[in-house]
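Below, all heavy atoms of this structure are taken into account, side chains as well, without hydrogens, waters or symmetry copies. Each chain gets a letter, A, B and so on, in the order its sequence line appears, and its residues count up from 1.
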Amino acid sequence: MAFQAVKGTRDFYPEDMAIRNWITEAWRRVSIRNGFVEFDGPVLEYLDLYRVKSGEEIVSQLFNLTDRAGRQLAMRPEITPTLARMVNAKINSLPRPIKWFSVPRLFRAENPQKGRLREFFQWNIDIIGGEEGISDAECVFTAIDALQELGLTAGEAQVRYSSRKLLSEVLKAAGLSAESVPGMLAVLDKRSKVPAEAFAEMLAGAVTDEAIRPKVLAFLEGSSGTGDLPQELQSLKNEPIEQALAELKTFQKALDAFGIADWCKYDVNVVRGLAYYTGIVYEVFDAAQSLRAVAGGGRYDNLLEVLGGPKVGATGLGMGDAVLGILLEEKGKRPVLTNRLDAFVISGLEGQDASAVLSLAAKLRRGGIICDYSARSANVGKLLKEANRRQARYAVILSGPSAGLKDLGTGQQVDVNVAELVSDPRRFLV
RNA sequence: GUGGGCGUAGCUCAAUUGGCAGAGCAUCGGGUUGUGGUCCCGAGGGUCGUGGGUUCGAGCCCCAUCGUCCACCCCA
């Protein structure tokens, strides 16, 4: 039987690899110029690392295995727990803020669908121990910097943000018990994803108290473009709410200062599932919102502590290659990438052995020329055909002490002395 | 885990009621024994996803299975 790639995984043929590198190199370039430094960890981690962070239900959603000593291991479904583990281990010696990025290969045991695979790459940037609000805006700025680096504009991708903290505190101030808030957040997360009636039904199921429900609805429908509470809920304001509002304001002011306010919009519906977020959260979408989120992130102030470290605030985001790749493709942003050769060396003297060709190719390569050759002895027409197939810029037709440099774009050919050519190949061939 | 669409050459797809598996593109070669690309000609490449069933006969009909795409659940 013939084998094929495992479900949900991709083969990267050279042309696919060129696109992947184009994306990941943009991520790296942008990370570095925004002051982040790269890290990576193992693909295998202890399964408990994810259990502690996300609970038992995570186990069915990732690939896990038991080693021969009985250790329960998992293929990493995200890099943030690894980051937290690594930072915790050296927290006292790392200068803050810690600004790290990574482009890990991740695995999730899910059914593949559009923009969702079992194996993928995800750019992560995180700031640990930075200024609340400002660090969050800096991550958004860096994400937008990457989108622009790849050719996307404010009309093609948009950031929508809200405050998980504000939402939680308003729910509590409206009368919801603290333990019912997480379930409520899950319901609110559905608001923009299901029909209005279905949402009303879900909400009625989640909030049975007739006195509380109108307040929740008022918050969802009345929040202004800045996130401030609608008039009728002003009386709910308490210390935590004021704090969340102040953080939101700092964030917005920073977005403005970074010059990216036109990419970003407050949207009370952004909740980010059941994740570990504790403050500002945001998602990047294609403008038409026909795809799932291109990126998502937010503040997670408890994670280091949950994993056995100190309580240090953190914020970060992840951007996967799958949805981004689809968006770039749809918008026609993907460049035509070819693996071009600078030079292709062939013999102009039929019947000779290949030594002279090999020797010249070796010298050109050492001189920094992207160079390949044909060792075949054939008529020049056939060899030029091969040079053309290989998309070489120049054919180098070697004839004893001299060589013809044929520009395969223009057809122009000049003769040069081989000794002169190898002494400074870039002068002739770049 | 659930539901639906689709599986024919490397790719995109044909194949009449169930009657000899085809085309374009791509690849390789030739036209062209010292000058490529365009052009012309030719070749290789298929257990029709896999297994079973119905039939004189199955790419086509039936069952199962695998894969794939899309959606649901979930989404770190």
- Message: Does Gly411(A) reach a base, just sugar-phosphate, or nothing at all? Heavy atoms under 4.0 Å.
- Response: base
- Any residue meeting salt bridge (Lys or Arg N to Asp or Glu O under 4.0 Å) with Lys114(A), in chain and number order, not counting sequence neighbours: Glu330(A)
- Message: What contact category does Gly381(A) fall into here, base, sugar-phosphate, or nothing, at under 4.0 angstrom with non-hydrogen atoms?
- Response: sugar-phosphate
- Message: Suppose we screen for ring-ring contact (aromatic ring centres under 6.0 Å, His included). Which residues come up paired with Tyr373(A), at least two apart in sequence or across chains?
- Response: none
- Considering only atom P, compute the distance from G49(B) to A43(B) and round it to an integer number of Å. 26 Å
- Item | Any residue meeting ring-ring contact (aromatic ring centres under 6.0 Å, His included) with Trp100(A), in chain and number order, not counting sequence neighbours | Phe39(A)
- In RNA chain B, stems of three or more consecutive pairs, Watson-Crick or G-U, each with both distances under 3.5 Å, turn out to be B:1-7 with B:66-72, B:10-13 with B:22-25, B:27-31 with B:39-43, B:49-53 with B:61-65
- Does one side chain, of Gln352(A) or Ser377(A), offer a donor that lies under 3.5 Å from an acceptor on the other? no
- Item | Closest to side chain of Arg116(A), choosing from G36(B), A76(B), C73(B) | C73(B)
- Gln391(A) CD to G36(B) P, in whole Å, measures 19 Å
- Task: Under the salt bridge (Lys or Arg N to Asp or Glu O under 4.0 Å) rule, collect the residues that match up with Asp321(A), sequence neighbours excluded.
- Result: Arg10(A)
- Message: Using a 4.0 Å heavy-atom cut-off, does Glu57(A) contact any base of the nucleic acid, only the sugar-phosphate backbone, or nothing at all?
- Response: nothing
- Taken to the nearest whole Å, CD/Glu78(A) to C1'/A76(B) is 4 Å
- Whole-Å distance separating the CG atom of Leu405(A) from the P atom of U35(B): 18 Å
- Message: When the C1' atoms of G59(B) and A21(B) are compared, how many Å lie between them, rounded to an integer?
- Response: 8 Å
Quick one: which protein N/O atoms are closer than 3.5 Å to N/O atoms of nucleotides 26-33 of chain B? Pair and distance per line, please.
from	atom 1	to	atom 2	distance (Å)
C28(B)	OP1	Arg389(A)	NE	3.3

- Item | Distance in angstrom units between Asp407(A) CG and G36(B) C1', rounded | 12 Å
- Query: U68(B) and U8(B): how far apart are their P atoms, nearest whole angstrom?
  - Reply: 14 Å
- Item | Residue closer to the 5' end of RNA chain B, Val380(A) versus Lys190(A) (nearest nucleotide) | Val380(A)
- Task: Check step by step if side chain to side chain contact (heavy atoms under 4.5 Å, CB included) holds for Gln158(A) and Val284(A).
- Result: CA-CA 6 Å; Gln158(A) 278 281 308; Val284(A) 182; over 6 Å; no
- Query: Could one point to a donor on the side chain of Arg108(A) or the base of C75(B) with an acceptor on the other under 3.5 Å away?
  - Reply: no
- Between Lys172(A) and Ser168(A): side-chain donor-acceptor atoms closer than 3.5 Å: no
- Item | Between C1' of U35(B) and NZ of Lys406(A), the distance in whole Å | 5 Å
- Message: Please determine whether any donor N or O and acceptor N or O are separated by less than 3.5 Å between the side chain of Asn388(A) and the base of G36(B).
- Response: yes
- Message: Any base atoms under 4.0 Å from Leu106(A), or only sugar-phosphate, or nothing? Heavy atoms, all strands.
- Response: nothing
- ring-ring contact (aromatic ring centres under 6.0 Å, His included) partners of Tyr300(A), counting only residues at least two apart: Tyr276(A)
- Item | P gap between C11(B) and U47(B), integer Å | 12 Å
- Does Ile127(A) reach the side chain of Phe36(A), with side-chain heavy atoms less than 4.5 Å apart? yes
- Remember a base hit wins even if backbone is also touched, and classify Ile58(A) as base, sugar-phosphate or nothing at under 4.0 Å, heavy atoms. base
- Qualifying ring pair (Phe, Tyr, Trp, His ring centres under 6.0 Å) pairs, either residue in residues 125-151 of chain A, two or more places apart: Phe141(A)-Phe258(A)
Would you tabulate the nitrogen or oxygen pairs shorter than 3.5 Å linking the protein to nucleotides 3-10 of chain B?
none

- Query: How long is the line joining CZ of Arg118(A) and C1' of C74(B), in whole Å?
  - Reply: 14 Å
- For Leu62(A), which contact category applies under a 4.0 Å heavy-atom criterion: base, sugar-phosphate, or nothing? nothing
- Query: So does Glu197(A) have more than 12 non-hydrogen atoms from other groups sitting under 6.0 Å from CD?
  - Reply: no
- Item | P-based separation of G18(B) from C62(B) [nearest Å] | 11 Å
Extract all donor-acceptor atom pairs below 3.5 Å that involve side chains of residues 406-413 of chain A and protein atoms in other chains or at least two apart in sequence.
from	atom 1	to	atom 2	distance (Å)
Lys406(A)	NZ	Gly411(A)	O	3.3
Asp407(A)	OD1	Gly409(A)	N	2.7
Asp407(A)	OD1	Thr410(A)	N	3.2
Thr410(A)	OG1	Gln412(A)	N	3.1

- Heavy atoms under 4.0 Å, any strand shown: does Gln413(A) hit a base, just sugar-phosphate, or nothing? base
- Item | Between C1' of A76(B) and CH2 of Trp123(A), the distance in whole Å | 18 Å
- Message: Distance check, P atoms only: C6(B) and G22(B), in whole angstrom units.
- Response: 26 Å
- Query: Does a donor on one side chain and an acceptor on the other come within less than 3.5 Å for Tyr50(A) and Glu78(A)?
  - Reply: no
For nucleotides 64-70 of chain B, tabulate all protein N/O to nucleotide N/O atom pairs closer than 3.5 Å, reporting atom names and distance.
from	atom 1	to	atom 2	distance (Å)
C70(B)	OP2	Lys114(A)	N	3.0

- Message: Assess, by modelled atom type and distance only, whether the side chains of Trp123(A) and Thr24(A) contain a donor and an acceptor separated by less than 3.5 Å.
- Response: no
- Interatomic distance at P, G67(B) relative to G31(B), whole Å: 48 Å
- Note on the structure: ring pair (Phe, Tyr, Trp, His ring centres under 6.0 Å) pairs touching residues 374-430 of chain A, sequence neighbours excluded, are none
- Query: For atom C1', what is the distance between C73(B) and U54(B), given to the nearest Å?
  - Reply: 39 Å
- Task: Using only heavy-atom distances, determine whether the side chains of Asp415(A) and Ser402(A) contain a donor-acceptor pair under 3.5 Å.
- Result: no
- Note on the structure: Leu83(A) atom CG is separated from A76(B) atom C1', nearest whole Å, by 14 Å
